[in-house]
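Everything on this sheet refers to the single structure shown next.
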Amino acid sequence: MGDCELHTSCGIQKCTTDFVSFTSHLNAALDDFDLEFCKALRAYSVCTYRNSKVCRGNLVYHSAVLGIGDLMTQRNCTKNGPTSSTNSEMTHDLCNYSGHTEVREHQGGEKTPPPTYLFCGLFGDPHLRTFKDHFQTCKVEGAWPLIDNKYLSVQVTNVPVVPGSSATATNKITVIFKSYQDCTDQKVYQAMTDDLPAAFVDGTTSGGDENTRSFYIVEKVSGKYIEMHARYIGTTVYIRQLGHYLTLAIRMPQELVMAFEESQDLQLCLNGCPSSERIDQSGYLPLPVMGKLHPWGAASHPRSGYTLETATTKCHEKMLVKDIYFYSCVFDLLTTGDDNFMAAAHSALQDVEALHPSKENWHIFPRSGDNGVGRDSKFFVSLGLLCLIHVPYL
C-alpha cells in the first residue's frame with residue numbers, strides 16, 4: 001500500500017548524509033580526529049545495519065558497507081565503542097515511528113504534517129469505543145478480532161457474565177506484534193483471567209535491540225495492569241484485570257491502522273460490532289428495573305442487588321461527569337451487581353485521558369435527538385418492566 005512506502009524505502013542516503021554531517025567539521029590535524037572519526041564510522045555502520053533488509057540489492061548501500069569496512073581498517077577503528085549522535089533535527093531511528101516523518105521530509109524535501117493517532121478501547125459488558133470515536137455496547141460472545149492489519153493483530157474472547165443475559169465480558173486477550181524489519185521478530189502476548197503476565201509467550205519482555213528500547217512491556221501493577229510500548233510502530237497498549245475480567249486500550253497511528261487487506265475488514269475497533277451483535281438499540285441501553293426482568297427479556301431474575309437509583313449514586317462516586325462511561329457503569333452495575341465493573345469503567349476513562357490524542361474528545365455525551373433529550377436531561381425512561389438509558393452513540 002502507498003501508506004507503507006516510508007517503511008519499505010532504503011534509508012542509505014540518510015545514513016550517508018548523517019556521516020558527512022558528523023565528519024565535515026573535523027580537523028585531521030587535531031589529536032581527537034581519529035576518535036571522532038571512528039565514532040562517526042560506527043554510527044554509519046549501525047545505520048546501515050538497521051537498513052540491511054530494506055536495502056538488500058541496492059548497489060549504493062552495498063558500496064557504503066564495503067567503504068565503511070575499508071575506512072575502519074585504515075583508521076584502526078574498533079567495531080565496538082561509542083558512536084556519534086545526531087542533533088535533534090537530524091535524529092532518525094528506523095525503530096522509532098516518530099522519526100519516520102523526518103525521513104520522508106529529508107528524502108522527498110516536502111514538509112509533512114505530524115502523524116494522526118487513533119484510540120480504541122474495550123471494557124465492561126463489553127463497551128467498545130472504536131477508532132472513529134463511536135461508542136457501542138455489544139454481545140460478541142466468543143473470539144472476535146479487534147484489530148487486524150499488517151503490523152498488529154488483537155483478538156479478544158468474551159464470555160457470558162450473567163445466566164440468561166446477552167451481556168458478556170472479556171476473559172482473554174491475544175496481541176500479535178508482527179515481524180518488522182530489524183526492530184522485532186514476531187511477538188505474541190496473551191492474557192487471561194488471573195494470568196496477566198509481564199512477558200510475551202516466549203518469555204521475553206522486549207523485541208529487537210535492547211539498547212534502543214523500541215519495543216517492551218512494563219508491569220505497572222503485578223498481575224493486574226501491564227503496558228506494551230511498540231515505538232517502532234508508534235503504538236501503545238494497556239491491558240488491565242478488574243475483578244474476573246480484562247480491559248484493553250490502544251493508541252495507534254492512523255496510517256498503520258488503515259494498512260490492511262480487503263480480507264481483514266472484520267475489525268471491531270475499526271468498523272464496530274455487527275448490527276446483530278449490538279445490545280444498545282438505536283441509542284438506548286436496556287436496563288433491568290427492580291430485579292423483575294433481565295434487559296433482553298430473559299425470564300430469570302438478575303442478582304445485581306442494585307436499583308437504578310443506587311447504581312447511579314454508586315457510579316457517581318467515581319465518575320463526576322455524566323458521560324457515556326458513567327452510563328456504562330450504571331448499565332453494568334444493574335446487569336451484574338459486580339462493583340469491579342464500576343472500577344473498569346473508571347479505569348477505561350483514565351486510559352482515554354492517557355492515550356486519546358484529542359482532549360476535547362475524551363468525554364462522549366449523549367446528544368439531543370428528535371425528542372429533544374439532551375446532555376442535562378433525564379436519560380432513564382421506564383417502559384413497563386424495562387428501563388432504557390438514552391445513549392445515541394453515533
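Keep in mind that the numbers below use all heavy atoms, side chains included, and drop hydrogens, waters and symmetry copies.
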* To do: Grab the two heavy atoms, one from Val140 and one from Glu277, that are nearest each other, plus how far apart they are.
  => N-OE1, 2.9 Å
* To do: Starting at CD1 of Ile233, measure out to SG of Cys95 and round the result to the nearest 0.5 Å.
  => 11.5 Å
* Are a donor atom and an acceptor atom from the side chains of Thr174 and Gln190 found within less than 3.5 Å of each other? -> yes
* In terms of heavy-atom contacts, does CD of Glu317 have more than 12 from other residues, nucleotides or ligands at under 6.0 Å? -> yes
* Asked: Taking atom types as modelled and ignoring hydrogens, do the side chains of His244 and Asp194 form a donor-acceptor contact shorter than 3.5 angstrom?
  -> no
* In Å, rounded to the nearest 0.5 Å, how long is the span from CG of Leu349 to OH of Tyr325? -> 6.5 Å
* To do: Would you mind checking if Lys178 and Asp148 are paired as a salt bridge, meaning a charged N to carboxylate O distance below 4.0 Å?
  => yes
* To do: Report yes or no: do Thr193 and Lys172 form a side-chain donor-acceptor pair below 3.5 Å?
  => no
* Is a side-chain N or O of Glu227 found less than 3.5 angstrom from the main chain of Lys220, in a donor-acceptor match? -> no
* Structure fact -> To the nearest 0.5 Å, atom SG of Cys329 lies from atom CE of Met319 at 3.5 Å
* **Phe215 ring center within less than 6.0 Å of Tyr180 ring center** => no
* Taking the six-membered ring of Phe135, is NZ or CZ of Arg129 closer than 6.0 Å to its centre and within 45° of its axis? -> no
* Any pair counted as disulfide bond (SG atoms under 2.5 Å apart), so long as it reaches residues 145-174, sequence neighbours left out -> none
* Is any side-chain heavy atom of Tyr97 less than 4.5 Å from a side-chain heavy atom of Pro253? -> yes
* Asked: Any sub-3.5 Å donor-acceptor pair from Asn51's side-chain atoms to Gly11's backbone N or O?
  -> yes
* Asked: Can we call the ring centroids of Phe331 and His127 under 6.0 Å apart?
  -> yes
* **Nearest non-hydrogen partners of Leu152 and Ile147, listed with the distance** => O-CG2, 3.8 Å
* How about Phe22 and Phe37: are their ring centres within less than 6.0 Å of each other? -> no
* Donor on one side chain, acceptor on other, Asp339 and Tyr306, under 3.5 Å -> yes
* Asked: Can you find a side-chain donor-acceptor pair between Thr307 and Thr310 that sits under 3.5 Å?
  -> yes
* Structure fact -> In this structure, CG of Leu196 is separated from CD1 of Ile226 (nearest 0.5 Å) by 5.5 Å
* **Distance in Å, Cys273 SG paired with Ile279 CD1, rounded so as to fall on 0.5 Å steps** => 9.0 Å
* Structure fact -> Nearest heavy-atom contact between Ala40 and Phe19 is O-CD1, 3.6 Å
* To do: Compute the ring centroids of Tyr225 and Tyr238, then answer whether they are less than 6.0 Å apart.
  => yes
* **Point-to-point distance, once rounded to the nearest 0.5 Å, from CZ of Arg251 to OG1 of Thr236** => 5.0 Å
* Structure fact -> Note: with side-chain heavy atoms under 4.5 Å as the link, the other cluster members for Ile176 come out as Val188, Val201
* Asked: Taking the side chain from Thr130 and the backbone from Lys132, do they hold a donor-acceptor pair closer than 3.5 Å?
  -> yes
